[in-house]
Amino acid sequence: MRLVIQRVEKTSVFVNNRLISSIGSGLLVFLGIEKGDTTADADRMLEKTIHLRIFEDRDRKMNLSLMDVAGGMLVISQFTLLADCRKGRRPSFTDAEDPTAARDLYEYFIRRAAQRVACVAAGEFQAMMKVEIVNDGPVTLLLDSKNIF
């Protein structure tokens, strides 16, 4: 499971030029599901995400988590995070989970997030989306359930 996490002032997602969800201050999470990922991976990555101390405290130090600041979370499915670009010029997506299993784990991640975070929004699985982002910082982090980075 791979995540790209961005601290945002606000973010919105559109499908066919229609706003489907948005949040104010919080985290935008691009979520890639890899073959073999489990609910345990999703739980671990969610806990890591919501407790990352990447929001500024009164001294402008990154010392507060999403839970501390009561921010929102927008989760976008993004299989391209599993792209293998080591050979040739066309990315290979053989490590990405098949869509049915990926959808189940994506929806599980969102349900679990909604149990922990006050405001959770989501993109539309397998849709072509336009994501508007006002990145705060900018702060962008990478997480991988296999601790590759």
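Please read all numbers here as calculations on a predicted model, not as lab measurements.
N16 contributes no side-chain N or O that, together with a main-chain N or O of R18, makes up a donor-acceptor pair within less than 3.5 Å. Side chain of S145 to backbone of M1: a donor-acceptor contact under 3.5 angstrom is found. Using modelled atom types, no side-chain atom of Y106 and backbone atom of G32 make a donor-acceptor pair closer than 3.5 Å. With hydrogens and angles ignored, the 3.5 Å screen pairs no side-chain donor or acceptor of T140 with any backbone N or O of Q6. At least one donor-acceptor pair under 3.5 Å links the side chain of R7 to the backbone N or O of I54.
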**Request:** In sequence, state the C-alpha distance, the side-chain angles, and the governing distance for L105 and E97, and then conclude on side-chain contact (heavy atoms from CB on, under 4.5 Å).
**Result:** CA-CA 10 Å; L105 202 48; E97 183 60 90; over 6 Å; no
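Using a cut-off of 4.0 Å between Lys/Arg side-chain N and Asp/Glu carboxylate O, D37 and K146 are scored as salt-bridged. Ion pairing between a basic and an acidic side chain is recognised when a charged N comes within 4.0 Å of a carboxylate O; D144 and R2 show such pairing.
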Mind listing the side-chain donor-acceptor pairs of residues 110-125 below 3.5 Å, one per line with the distance, residues two or more places apart or on another chain?
from : atom 1 : to   : atom 2 : distance (Å)
R112 : NE     : D43  : OD1    : 3.1
R112 : NH1    : Q115 : OE1    : 3.1
R116 : NH1    : E47  : OE1    : 3.0
R116 : NH1    : E47  : OE2    : 2.1

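For the pair I20/F14, no side-chain contact is recorded, criterion being any heavy-atom separation below 4.5 Å from C-beta on. Inter-residue side-chain proximity for F79 and L31 is flagged as unmet; no heavy-atom pair is nearer than 4.5 Å.
Remark: S65 engages D68 in a side chain to side chain donor-acceptor pair (under 3.5 Å) (not counting sequence neighbours).
Other residues, nucleotides and ligands place more than 12 heavy atoms under 6.0 Å from the CG atom of D98.
Note: L28 CG to N135 CG = 8.5 Å, rounded to the nearest 0.5 Å.
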